[in-house]
Number of protein chains: 2
Amino acid sequence: MQTKTENGTKRDLNRENILKIAREIFSKYGYKKTTLDDIANAVRKGKSSLYYYFASKEDLFQAVIMKEVEILARELEIVINRNTDPVDKLRDYILTKLATFRNLANFYHAIENDVTAVEFIEEVKRRYEQDEIRMIKRILIEGVRKNEFEIYDFNLAAIGITTAIKGLEMPLSAGNYGSVNLERSVDIILKIMCYGIIKK
Amino acid sequence: MQTKTENGTKRDLNRENILKIAREIFSKYGYKKTTLDDIANAVRKGKSSLYYYFASKEDLFQAVIMKEVEILARELEIVINRNTDPVDKLRDYILTKLATFRNLANFYHAIENDVTAVEFIEEVKRRYEQDEIRMIKRILIEGVRKNEFEIYDFNLAAIGITTAIKGLEMPLSAGNYGSVNLERSVDIILKIMCYGIIKK
DNA sequence: TAATTTTTCGACTAAAAAAGCCGAAATAAA
DNA sequence: TTTATTTCGGCTTTTTTAGTCGAAAAATTA
């Protein structure tokens, strides 16, 4: 018998392959227009075989998105661990997140017509919120330690900032991408927040 | 009452608009994945309204393709009427046709998976064949008049050349685009044909 | 080799989506 | 007002798709 780990690896490899291909197809056609047969053909398996790896189409799609989200998370982790000025860090964090999120939304045609996809992505955002708050908190704590911020309740502050970021995301989700100058909006909000935060 | 022509114009304008938008959507998703609702939404009409202008989805798709084909035909007409050396003209004709056809096939995802679309395009090719033979014949006749070609049966010669062109199209339809150097293939075939055609 | 486990798939069903139809309503023109 | 044009909601029929199941195939182990 294979050891369980070896076995798991083999299976996971297949899974990964399906995910990779499914990602391409979903990103090309969106959730609704992509059929499991499309994916099955592309991975050269029968449709039924997909169910050996994933419980449902929805499940597969979520797995694909989750993988994307992990990439985003990793990028953000890097930003956070860079040794930069806390304000810059905040700025980079927000910009990185917005940029990647825009891609996500674009990718899955979440916006135009595909209601189901939108809901998934909303769901992901919701689940991610707690992580976000934690990350922001880390930045704030670091800022205080470096004697640049002056904050009494980290939790509340982090929640407040998270909310502000949501505001920045809105125009993205709403679909008028190009029209908004992201960087500019971010700087404006940052300025406002800073004058309430930075030690005088 | 509107005059019949005015009326026709208005209706045709609507038709044209539908065609234009349908073309975009078909080219994005392919025949199968495009639904009449997609198109109807895009033109801001009810799906039923489309049936006022087109008899069926197939009908609409064919109209879209026909329009593309007309564009091709117009380009070829221009090539034919240019005052160039007959051999060059033959060469330009073939290259222009292949280039445009490649676009068509690419566009409608005719190749990958979408069986129905492939059939349509094959059908179009078939219908176009007669025109093609006629056009080639014109080039040949001109060549003889200019004392560069020596041909006894224009019809047979034109059919032969048309067949050769079909051979050039094959790798396109088969899907291995990049791999083949079109221009080179054309020149080789042309050379072969010329040494059987050109007056010594 | 035989027994066991993993993986694949064809055939099927139920549910959803799409094409297509029709009559009536809205709109525009006369 | 009358007539012609255009739109569309709601309906039926057909097609497509997600998802199930059991059995076959392939791989693994003993």
Side-chain angles (χ1 to χ4, degrees), chain A residues 1-19 21-22 25-26 28-64 109 112-120, chain B residues 1-19 21-22 25-26 28-64 109 112-120:
Chain A
M1 222 229 302
Q2 292 176 307
T3 68
K4 275 191 182 163
T5 37
E6 263 169 357
N7 203 323
T9 304
K10 216 164 209 173
R11 205 186 148 131
D12 287 353
L13 241 63
N14 260 330
R15 248 186 84 105
E16 284 304 309
N17 185 241
I18 294 175
L19 280 177
I21 290 179
I25 302 182
F26 276 131
K28 190 167 176 187
Y29 295 117
Y31 178 76
K32 206 173 156 200
K33 280 189 188 298
T34 299
T35 71
L36 289 182
D37 271 313
D38 290 339
I39 297 171
N41 288 336
V43 297
R44 296 179 170 280
K45 286 197 193 308
K47 182 182 59 165
S48 315
S49 303
L50 295 183
Y51 284 89
Y52 182 66
Y53 298 94
F54 299 92
S56 65
K57 181 182 178 186
E58 205 170 306
D59 187 44
L60 172 53
F61 184 70
Q62 295 203 344
V64 169
H109 304 188
E112 38 171 344
N113 61 51
D114 208 326
V115 193
T116 332
V118 178
E119 272 164 20
F120 285 157
Chain B
M1 221 231 304
Q2 291 177 309
T3 67
K4 274 190 183 165
T5 37
E6 264 171 356
N7 202 322
T9 304
K10 215 166 210 173
R11 204 186 150 132
D12 287 354
L13 240 64
N14 259 331
R15 247 186 85 104
E16 285 304 310
N17 184 241
I18 294 174
L19 280 176
I21 290 179
I25 301 182
F26 276 130
K28 190 167 175 187
Y29 295 117
Y31 178 75
K32 206 172 157 203
K33 281 190 188 298
T34 299
T35 72
L36 289 183
D37 271 314
D38 289 339
I39 297 171
N41 289 336
V43 296
R44 295 178 171 282
K45 288 198 193 306
K47 181 182 57 165
S48 314
S49 303
L50 295 183
Y51 284 91
Y52 182 65
Y53 297 95
F54 300 92
S56 65
K57 181 183 177 184
E58 205 171 306
D59 187 44
L60 171 53
F61 183 71
Q62 294 202 344
V64 169
H109 305 186
E112 37 171 344
N113 60 52
D114 207 325
V115 194
T116 333
V118 179
E119 274 165 19
F120 284 157

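Treat the numbers as computed from the prediction; the structure is a model and nothing was measured. Proteins get letters first, then strands, A, B, ... in listed order; numbering begins at 1 in each.
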Give the rounded distance in Å between these two atoms: [atom1] of [X] and [atom2] of [N].
X       : N      : atom1 : atom2 : value
B/Asp37 : D/dC8  : CG    : P     : 12 Å
A/Phe61 : D/dG19 : CZ    : P     : 14 Å
B/Asn41 : D/dC8  : CG    : P     : 11 Å
B/Leu13 : D/dT6  : CG    : P     : 11 Å
B/Lys32 : C/dA19 : NZ    : P     : 12 Å
B/Glu58 : C/dA18 : CD    : P     : 18 Å
B/Ile39 : C/dA18 : CD1   : P     : 12 Å
A/Arg11 : D/dA27 : CZ    : P     : 17 Å

Within 45° of the ring axis of B/Tyr31 and under 6.0 Å from its six-membered ring centre, is that where the NZ or CZ of B/Lys57 lies?
-> yes
Distance under 6.0 Å and angle within 45° of ring axis: B/Arg15 vs B/Tyr52 | no
Out of [options], whichever nucleotide has its closest atom nearest the side chain of [X]:
X       : options               : result
A/Thr35 : D/dA18, D/dT7, C/dG20 : D/dA18
A/Lys45 : C/dA18, D/dT20, C/dT8 : C/dT8
B/Asn14 : D/dG19, C/dG10, D/dT7 : D/dT7
A/Ser48 : D/dG9, D/dT20, D/dA18 : D/dT20

Donor-acceptor pair under 3.5 Å, [X] side chain vs [N] base:
X       : N      : answer
B/Lys47 : C/dA19 : yes
A/Ser56 : D/dG19 : no
B/Lys57 : C/dA18 : no

Counting only side-chain nitrogens and oxygens, does [X] get under 4.0 Å of the OP1 or OP2 atom of [N]?
X       : N      : answer
B/Ser49 : D/dT6  : no
A/Tyr51 : D/dG19 : yes
A/Tyr52 : C/dT8  : no
B/Tyr53 : D/dT7  : yes

Quick check against the 3.5 Å criterion: does [X] have a side-chain atom that pairs as donor or acceptor with the backbone of [Y]?
X       : Y       : answer
A/Asp38 : A/Thr35 : yes
B/Thr34 : B/Gly30 : yes
B/Lys33 : A/Lys33 : yes

